[in-house]
There are 2 protein chains.
Amino acid sequence: MPHIAAPSIDPEWKKGSAELLILSLVEGAPRHGYEISKLIEQRSQGALRFHAASLYPLLYRLEKRGWIKGLWVEKAGERRRRFYRLTAEGAKVLATQRDGWAAFVRAMNLITGAEHA
Amino acid sequence: MPHIAAPSIDPEWKKGSAELLILSLVEGAPRHGYEISKLIEQRSQGALRFHAASLYPLLYRLEKRGWIKGLWVEKAGERRRRFYRLTAEGAKVLATQRDGWAAFVRAMNLITGAEHA
DNA sequence: CCCTATTATATAGGAGTGCCACATATCGCA
DNA sequence: TGCGATATGTGGCACTCCTATATAATAGGG
């Protein structure tokens, strides 16, 4: 069984991407930080990964901006978890960011896609 | 004629993208800094733009790493221009970065594309 | 019963990249 | 003479993510 090396993703490309990822993940259901971290890793098939030290401060920033809303949930005999859901304003921001991301990828492809002409 | 607002591209998304853009642009022909700056703007149809203060330091970094090689060209009665061409090592890095970029975009799409399932 | 892994959140300090402001210098046009 | 476009260069700042470290509860192995 041949070993195919996964293309390495430049850490700098991730700058700013966490915001869009988190907003996308809390869109469908309320989720807590650790869950978001694991979902990013799983759904990207290991290609993308954010450390806890990056995620939690970002969650506070997004909440401070009013894009997500956190709620502490404590169940007996369990560590407390903070579930975040997307706010109405967050939904608008998410739509805008999705458009912006698509535009960015298009622009990058126009230039890097090939030395056409 | 209706005015269509261009989707705004988050400044943070650009972090690290300049490297791949420059390597792509000097792939086909030797180019100088100002030309690269204009090409990025034109080929992306105005969506992407890098300031001189970002480009020149980056060109020095890329040259220092041996990925591009600069050459001063002075023509009588003209401001001197430094043309950069891609080195053999730079070509390898470019191929790697293109793969990495594609992987990154795929990963982002898997997560942000839709709250599937 | 201790040790470790996993789940779960939190913070201080540092690295890297692009931006703003500013500076220099030539050419063409009015 | 003034202005815009061409062309390169630098200091300091802002922002995001990472490393390292800390706390804390639960489950499982030895």
Side-chain angles (χ1 to χ4, degrees), chain A residues 8-23 30-42 44 47-65 68 70-84 97 101 104 107-108, chain B residues 8-23 30-42 44 47-65 67-68 70-84 97 104 107-108:
Chain A
S8 63
I9 290 177
D10 192 309
E12 291 302 323
W13 288 333
K14 291 161 65 181
K15 294 288 172 75
S17 67
E19 240 176 59
L20 175 53
L21 291 172
I22 291 176
L23 292 177
R31 303 191 191 280
H32 61 273
Y34 189 80
E35 189 186 5
I36 291 173
S37 162
K38 291 296 163 192
L39 277 174
I40 290 176
E41 197 171 347
Q42 286 163 20
S44 69
L48 238 40
R49 203 184 148 218
F50 280 87
H51 290 237
S54 310
L55 276 183
Y56 291 104
L58 179 50
L59 287 170
Y60 311 147
R61 281 207 305 278
L62 295 183
E63 184 169 26
K64 203 173 175 185
R65 291 179 196 160
I68 61 176
L71 180 71
W72 281 114
V73 175
E74 309 204 35
K75 279 203 281 190
E78 260 188 13
R79 183 99 171 70
R80 58 172 192 172
R81 293 184 291 190
R82 191 162 173 83
F83 283 83
Y84 294 93
Q97 287 213 7
W101 172 253
F104 177 56
M108 286 291 288
Chain B
S8 64
I9 292 177
D10 192 309
E12 289 303 322
W13 287 335
K14 291 161 66 180
K15 293 287 173 73
S17 67
E19 240 177 58
L20 175 53
L21 290 172
I22 291 176
L23 292 177
R31 303 191 191 279
H32 61 275
Y34 189 79
E35 189 186 5
I36 290 172
S37 162
K38 290 297 161 190
L39 278 174
I40 290 176
E41 198 172 346
Q42 286 163 19
S44 70
L48 239 42
R49 203 183 150 220
F50 279 88
H51 289 237
S54 309
L55 275 182
Y56 292 106
L58 177 50
L59 287 170
Y60 311 148
R61 282 208 304 277
L62 294 183
E63 185 169 25
K64 202 173 177 186
R65 291 179 197 161
W67 299 352
I68 60 176
L71 180 69
W72 281 113
V73 174
E74 308 204 34
K75 280 205 279 188
E78 258 187 17
R79 183 99 170 70
R80 60 176 190 168
R81 292 183 293 190
R82 191 162 174 83
F83 283 82
Y84 294 92
Q97 288 214 5
F104 176 56
M108 285 292 288

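By convention in this document, chain letters (A, B, ...) are assigned in the order of the sequence lines, proteins followed by strands, and residues within each chain are numbered from 1.
With sequence neighbours excluded, the residues forming a ring-ring contact (aromatic ring centres under 6.0 Å, His included) with A:Trp13 are B:Trp101, listed by chain and number. Looking at residues two or more places apart in sequence or on another chain, you find no side chain to side chain contact (heavy atoms under 4.5 Å, CB included) involving B:Ser8. B:Arg79 pairs by the side chain to side chain donor-acceptor pair (under 3.5 Å) definition with nothing, not counting sequence neighbours. Residues that satisfy the side chain to side chain contact (heavy atoms under 4.5 Å, CB included) test with B:Pro11, not counting sequence neighbours, are absent from this structure. For B:Glu12, the side chain to side chain contact (heavy atoms under 4.5 Å, CB included) test picks out A:Lys15, B:Asp10, B:Lys15, with sequence neighbours left out. Judged as a salt bridge (Lys or Arg N to Asp or Glu O under 4.0 Å), and not counting sequence neighbours, B:Arg80 has no contacts.
Contact annotation for B:Tyr60: backbone-only contact, meaning every heavy-atom pair under 4.0 Å involves sugar-phosphate atoms and none involves a base.
Counting all heavy atoms, side chain and backbone alike, A:Lys14 lies closest to A:Phe50 at CE-CZ, 3.8 Å. Heavy atoms only, all atoms of each residue included: B:Ala107 and A:Leu48 are closest at CB-CD2, 4.1 Å.
Per the geometry, CZ belonging to A:Arg81 stands 18 Å off C1' belonging to D:dT23, to the nearest Å. A:Phe50 has its CZ atom 19 Å from the P atom of C:dA10, to the nearest Å. Between B:Tyr56 atom OH and D:dT10 atom P there is a gap of 12 Å when expressed in whole angstrom units. When the P atom of C:dA10 is taken as reference, atom NE2 of A:His32 falls 12 Å away, rounded to whole Å. Per the geometry, CG belonging to B:Leu62 stands 14 Å off C1' belonging to C:dG16, to the nearest Å. The CZ atom of B:Phe83 sits 13 Å away from the C1' atom of D:dT8 (whole-angstrom rounding). The OH atom of B:Tyr84 sits 12 Å away from the C1' atom of D:dA7 (whole-angstrom rounding). With rounding to whole Å, A:Trp72 atom CH2 is found 9 Å from C:dA10 atom C1'.
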message: Could you go through B:Met108 and A:Leu21, starting from their C-alpha distance and side-chain angles, then the distance that decides it, and tell me whether this counts as side chain to side chain contact (heavy atoms under 4.5 Å, CB included)?
response: CA-CA 7 Å; B:Met108 285 292 288; A:Leu21 291 172; 3.6 Å; yes
A:His32 vs A:Val73, side chain to side chain contact (heavy atoms under 4.5 Å, CB included): CA-CA, chis, key distance, verdict: CA-CA 10 Å; A:His32 61 273; A:Val73 175; over 6 Å; no
Under 4.0 Å protein heavy-atom contact, by nucleotide of nucleotides 25-30 of chain C - B base, S sugar-phosphate only: BSS---
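Nearest nucleotide to the side chain of B:Leu58, out of C:dC19, C:dT11, C:dG18: C:dG18. The side chain of B:Ala53 lies closest to C:dC20 when the candidates are D:dC17, D:dT8, C:dC20.
Contacts between residues 10-23 of chain B and DNA chain D, defined by a heavy-atom separation below 4.0 Å, involve B:Glu12, B:Lys15, listed by number. Residues from residues 33-41 of chain A with heavy atoms under 4.0 angstrom of DNA chain D: there are none.
At the phosphate of D:dT19, OP1 or OP2 sits under 4.0 Å from a side-chain N or O atom of A:His51.
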Return a table of donor-acceptor pairs under 3.5 angstrom between the side chains of residues 53-63 of chain A and protein atoms on other chains or two or more places apart.
from, atom 1, to, atom 2, distance (Å)
A:Tyr56, OH, A:Tyr34, N, 3.4
A:Glu63, OE1, A:Arg82, NH2, 3.3
A:Glu63, OE2, A:Gly70, N, 2.9
A:Glu63, OE2, A:Arg82, NH2, 2.9

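To the nearest 0.5 Å, atom OG of residue A:Ser37 and atom CD1 of residue A:Ile22 are 9.5 Å apart.
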